[in-house]
Amino acid sequence: MAIELTKNGAFMLNILPALDEEGTSFSYECEAEPFSAEEYDIAFAAPVQLKFDYIYSKGRLILNGRIKAKLSAVCDRCLKDISENINIRLSEVLYKSAPDEDDEAYLYDGDKICLDKVVLDNISLNMPQKNLCKEDCKGLCPVCGVDLNEKTCSCQAAIDCEEAEEEPANNPFAKLAGLFTDDEEV
């Protein structure tokens, strides 16, 4: 099913001049935060910068440019708040009517187009798969929870609860140690 773009949002593009001058290149530049970012589970640390050129030709609107954003995230290893800059290439085609071969096409209607969905889809597809505060982040101790980037702990990093003489008192998972044996499939 084709994706219909809404009529309101942060990134509004008026294509009326392009409709009047088919084949002519126009520029668009805007800085804002997309309205529906929560639906994508994306948090922004600063407004998103959108800059592109567009051409209208035969019912298609061709966009080529860049999206720059600063995302708020949490380090996957130590849980610190971090921000990440992304700078991605925007290259999209929006259609007046759905092409037969593409059921994921962006559809527009009228002369004003909300590009929030296009922007958020592109950011979502280009977000880092792993958020790290630094490349060599040591993370948290799996036993006591100490941030190993800031201090060391007296725990052994690779404790095998079955072989340990004494289970750490603060480990909430220690009770699960005897539930499965190596012979059982999980």
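Because the structure is a prediction, the values reported are computed rather than measured.
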Original post:
Okay, side chain of Asp81, backbone of Val74: is any donor-acceptor separation there less than 3.5 Å?
Top reply: no

Original post:
Any Lys/Arg nitrogen of Glu92 or Arg60 sitting under 4.0 Å from an Asp/Glu carboxylate oxygen of the other?
Top reply: no

Subject >> Sidechain N-carboxylate O distance under 4.0 Å for Lys117, Asp121 >> reply: yes

Original post:
For Lys70, does the NZ atom have more than 12 heavy-atom neighbours from other residues, nucleotides or ligands under 6.0 Å away?
Top reply: no

Check residues 127-138 and write down every donor-acceptor pair under 3.5 Å in which the side-chain atom is one partner and the other belongs to a residue at least two apart or another chain.
none

Check [X] against [Y] and note the closest heavy-atom contact, atom names and distance.
| X | Y | result |
| --- | --- | --- |
| Ala69 | Phe44 | CB-CE2, 4.1 Å |
| Tyr108 | Leu94 | CE2-O, 3.6 Å |
| Cys78 | Asn149 | CB-ND2, 3.8 Å |

Please examine the side chains of [Y] and [X], heavy atoms only from C-beta on, and report whether any two atoms are closer than 4.5 Å.
| X | Y | result |
| --- | --- | --- |
| Leu50 | Phe52 | yes |
| Ile42 | Ser124 | yes |
| Leu140 | Val146 | no |
| Cys153 | Leu148 | yes |
| Lys80 | Asp147 | yes |

**OP:** Please check if Ile82 and Val48 belong to a single hydrophobic cluster, counting links between Ile, Leu, Val, Met, Phe, Trp and Tyr side chain heavy atoms closer than 4.5 Å.
**Re:** no

Using residues 22-32 as the side-chain source, report each donor-acceptor pair under 3.5 Å to any protein atom, sequence neighbours left out, with the distance given to one decimal.
{"unit_1": "Glu22", "atom_1": "OE2", "unit_2": "Lys58", "atom_2": "N", "d": "2.8"}
{"unit_1": "Thr24", "atom_1": "OG1", "unit_2": "Glu21", "atom_2": "O", "d": "3.2"}
{"unit_1": "Ser27", "atom_1": "OG", "unit_2": "Asp53", "atom_2": "OD1", "d": "2.7"}
{"unit_1": "Tyr28", "atom_1": "OH", "unit_2": "Met12", "atom_2": "N", "d": "3.4"}
{"unit_1": "Tyr28", "atom_1": "OH", "unit_2": "Met12", "atom_2": "O", "d": "3.1"}
{"unit_1": "Glu31", "atom_1": "OE1", "unit_2": "Gln49", "atom_2": "NE2", "d": "3.2"}

**OP:** Start with the C-alpha gap between Arg66 and Asn87, add the side-chain angles, then the distance that decides, and say whether side-chain contact (heavy atoms from CB on, under 4.5 Å) holds.
**Re:** CA-CA 7 Å; Arg66 302 219 64 81; Asn87 184 352; 2.8 Å; yes

**OP:** Could you check Leu71 against Ile123 for side-chain contact (heavy atoms from CB on, under 4.5 Å), going step by step and ending with a plain yes or no?
**Re:** CA-CA 10 Å; Leu71 306 177; Ile123 290 173; 4.3 Å; yes

So how far is it from [X] [atom1] to [Y] [atom2], rounded to the nearest 0.5 Å?
| X | Y | atom1 | atom2 | result |
| --- | --- | --- | --- | --- |
| Asn126 | Asn122 | CG | CG | 6.5 Å |
| Ile88 | Leu125 | CD1 | CG | 8.0 Å |
| Ile113 | Tyr54 | CD1 | OH | 9.0 Å |

Original post:
Given the rule in the side-chain contact (heavy atoms from CB on, under 4.5 Å) test, do Leu61 and Ile55 qualify, once you have shown the distances and angles that lead to the verdict?
Top reply: CA-CA 6 Å; Leu61 192 65; Ile55 296 173; over 6 Å; no

Subject >> Contacts of Asn64 that satisfy side chain to side chain donor-acceptor pair (under 3.5 Å) - sequence neighbours left out >> reply: Ser91

**OP:** Carefully, step by step, assess Val118 and Leu90 under the rule side-chain contact (heavy atoms from CB on, under 4.5 Å).
**Re:** CA-CA 9 Å; Val118 174; Leu90 173 68; 4.0 Å; yes

